[in-house]
Amino acid sequence: MNLVHPFDVHPEEGEPLALSLLEFNNLFIDLHTRRAQENDEAIRAAAQSDALRLGLTGVDTPARRRVIIEPLRNRLRQPYQLDISRDFDSLISFTDELPVSQDLYIYRIFHQTLALSKSLHVKVRMRAQPGQPSQFVHPHKVPNVCIAQIGARHCIRLFFPALMQAAEARADLTDDQLSAIYDFGLYPAICHIAPELATNWSPTYAAAKLRARNLNGTYQVGTHPFPGDTAHLLGYTIKRFLQDALPWAYGCMWMVQIQGVKEAHTHTPNEFMDSYDSFQALLDGLMRELIFEGQSWVDVGLQISEDNHVLQWRTDAHPFLVNEFSHLSENAAAVLCRSPSRSYQRDYAVGLTDLSGFRVTLNPPDPDPDSAYVQAYTTDKSLIAHLEAGRHGLFMRGSDALHWDDDDRIPGYCKRMMSIYKAGTRHTTAARVEARVPARTAVRAMLDFPEGLLERTLCRYSAVDWCWTPLTRHTRQWRQIRMICIAETLALQNKVHPSLRYKKEALNLTAALVWLANGLNSRPDDDQYGRDVMMTSCITAGNHDNGTFLIPPPAQGAVAQLPVVRQGAIFLRHILFPPISGVPRFSYGKELNNATWIHFFRKTPDELRLNALPPPYIPRQRLLEAGRVPTQKSMSRPHWAQIDAPLPELANLLFPLPPVPQDLAEDLPYNEQVEYLGDTAENLPLLMTSLWQQFLSDVLQKCGNLRGAGADASHCRLSSRERQNITQEAITNINLAVIFRRVQYRIATRREWAAAFDRFFGPLDATVPIQPQNFPKMLYWLRWAELKSLVPDEIERLRRQLRLLFDQLFWVPQIASDRVWSYRRDDRFHVFPEDCDSSAPQVLVNSSFPRPQWNPPPGIGEDRPNGRDAVPQPRRRGPQPTPYAHLRQEEEEASE
């Protein structure tokens, strides 16, 4: 039964179709609504897959072509009615004296979380040692402490350049240094200036910390007020006392920072007096002469908006904005904005690479330029702004994608985001540009936005076409469409059996969807984990090819592949949907690193799968005894031999099983395909044959190594690949040298042989050791445990048929108390070869066979002289397994 769509495996694309953003939204809605008009379930599922593939990969499956989005078709044109306003958003000032004339609220204890740790994009002149020249440094790399606040958005810090390290990373102040600041500076200064207030203060920093400590070990962040008429004197006294007592306090400087006050200081552009009055209001409570004498910067902003519209900055317009609002020439600005770098960073708008804001750190040779930092952004994130864990918008964790609240299996995060989108009806998005300029030029800087620059830098969209209204045939939103595609794809994944849901290709898609969802609300993750997702989930190309690269190419040399955008938006690589595959997933190939799996999901795919499908009759971790440390060994590898017909002993097993998960896509390797077998009653013999062959392979895969034996370390002669291809004939051979390099054997009694079978294929009520070391990592054991839970009434019938096969084996391992193999020398066992004096695996020999022989033949495993495998290799589809020279020591039982 072949359900493979030809486009899914061998795309034969036509000419790409270029669409505006509105036309793309219409095309998606037409495909998406087609599903509701179909009565046939299969056709409805195919229509949904077509819509989701378009939204996530940019491929129009019915038309067999890719779609290119051209957002610049909506560039700003007349007529328009724009509103432009000007504001002061923040102030940064470094001074030798504290420039404050209003009441202070001083922290009772110092919290390093309040210290400056992120770049201000300016350099400040500081002197670290007497007699040495001052130097320009990044202030966030200088040890500092937050002393007080003035209001909710005012922060006062003290910097200690003498403690600055030569290393790039900032060194936090130690607890002893914080104690010294309090004991020798802050508290004595308060006692000296306002002794009547000192009664509310602890006499030492150690006492202050004990006073502020909560029962759970955390600290209360409290403040004490201090009158503003002596605030300047307090700052002077603290510095004098510290410098007299502590050599490392030399050259300490005060910093005053005001953040995020643009709404309070908005005024009409191109009006000098309005600008002056607003600037004076910004400096209210500060000593203006000290602000201007020190090193001070102000963020001046221009905001452009139009009712019921969304304005977005054009990516190709960044050089014009940088040139207009900085000291850079046109050529210098064009070179700087050519590609993202440490000094120039882009923020793509909802994945559309032709639309983006930017941040530019100028690092000019002139220490006091017209502007030190320029940024352009939009306010469309205002409804989802949320500062947490280093992010500036609501974000989704990998674990959120695996959990849901309702039967539709849509993650709760996706539903909450779509409700926020719907709540923002008729939302107006403004475009902002800000520049960090010296305080003395702030009144005259950026008085207005040049009118000739508007149409060269902006795109305009109707609010209903962008994101903020419910999805219908008459309201079309790009952001809403993206979230619908993410939510419905995750729901399809969450509905399938865990054995398919937690395949690496499916989880890779889940991680990519989480990364894509977070990019709707803030900058897409660009750390090592985000780049790993981009490399495995996006279309890639050589760095000399055309397109917008999501990871900046190196300045020199060629890189094999980098994630690239050629369709106007960030689209994912090819995705397979049901019924082509059993679960929405990426096509077989690229794979995330282990660190990325853990970063997104806190677990590896194998751990997620075992957590969702805990093997029955094996105790869960929380039930283990308190001092037991579980062993860590990897899962056995699948048996590779192709099954053409069931074994005769299993051919008569005909009873129905519950439906099995199916993945029919031909991109998977043969051993990872879950074939459609039709009626499970007819194909149960094949499934049991596969289980039996996996048992034979697992037993040998878990055979351990002898430490320090060089090339002969493994007790088993067979290579890793040969163990995965083992057949029953090899284990019925009475010549033990075909399999082993060394072995201990004894003839089993009938009772011992039956007990061995019960341990390998336990009955329904069988008990296992508290923590079996090998069995939970053997594929056959997990499948047998699953069968016991699926058809408990038929287990004894299955055991009877398996016992017929078991009795045909010449030998089986002598099972230890909690593991498959035992290696200790035992006088009850005979040893091959006879001169062996080391440990060796113990096996039980079937009493119905002749006595074992020991005739080491050539051409087996690592001893083969002609390079050909002794065990025939079956033909396989897909990538070949990687051959292993020997089994990893940590995966196998050590015999010593």
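All values reported here derive from a predicted model rather than from experimental measurement.
- When all heavy atoms of Ile551 and Leu562 are compared, the pair lying nearest together is O-CD1, 3.9 Å.
- Checking each of Arg409, Gln493, His32 against Glu488 for a side-chain hydrogen bond (donor to acceptor under 3.5 Å, both in side chains) leaves exactly one that passes, namely His32.
- Between Lys415 and the choices Asp405, Asp406, Asp400, the salt bridge (charged side-chain N to carboxylate O under 4.0 Å, His left out) rule is met once, by Asp406.
- By the 30° and 60° cut-offs, the orientation of the rings of Phe358 relative to His318 is tilted.
- For the residue pair Tyr344 and Arg346, a side-chain donor N or O sits within less than 3.5 Å of a side-chain acceptor on the partner.
- A salt bridge links Asp347 to Arg359: at least one charged side-chain nitrogen sits closer than 4.0 Å to a carboxylate oxygen.
- Annotation: Phe24 is in aromatic contact with Trp478 [ring centroid separation under 6.0 Å].
- Nearest heavy atom pair, residue Cys459 against residue Pro71, reads SG-O, 3.9 Å.
- With hydrogens and angles disregarded, a donor-acceptor distance shorter than 3.5 Å links the side chain of Asn494 to the backbone of Ala401.
- The side-chain tip of Arg573 points at the ring of Phe586 from less than 6.0 angstrom away and within 45° of straight on.
- Pairing each heavy atom of Ala18 with each of Glu70, the nearest pair is CB-OE2, 3.4 Å.
- Salt bridge annotation for Arg783-Glu786: absent, with no cationic side-chain nitrogen under 4.0 angstrom from a carboxylate oxygen.
- Checking Lys590 against Ser537 by side-chain atom types alone, no donor-acceptor pair falls below 3.5 Å.
- Salt-bridge formation is not detected for the pair Arg602/Glu607: no Lys NZ or Arg NE/NH1/NH2 atom is positioned less than 4.0 Å from an Asp or Glu carboxylate oxygen.
- Between Ser356 and Thr315, the side chains place a donor N or O and an acceptor N or O closer than 3.5 Å (distance only, hydrogens not considered).
- With no hydrogens or angles considered, no side-chain donor-acceptor pair links Ser697 and Arg723 at under 3.5 Å.
- At a threshold of 4.5 Å between non-hydrogen side-chain atoms, the residues Leu550 and Val564 do not count as touching.
- For the pair Arg314 and Asp354, the salt-bridge criterion is not met [side-chain N within less than 4.0 Å of a carboxylate O].
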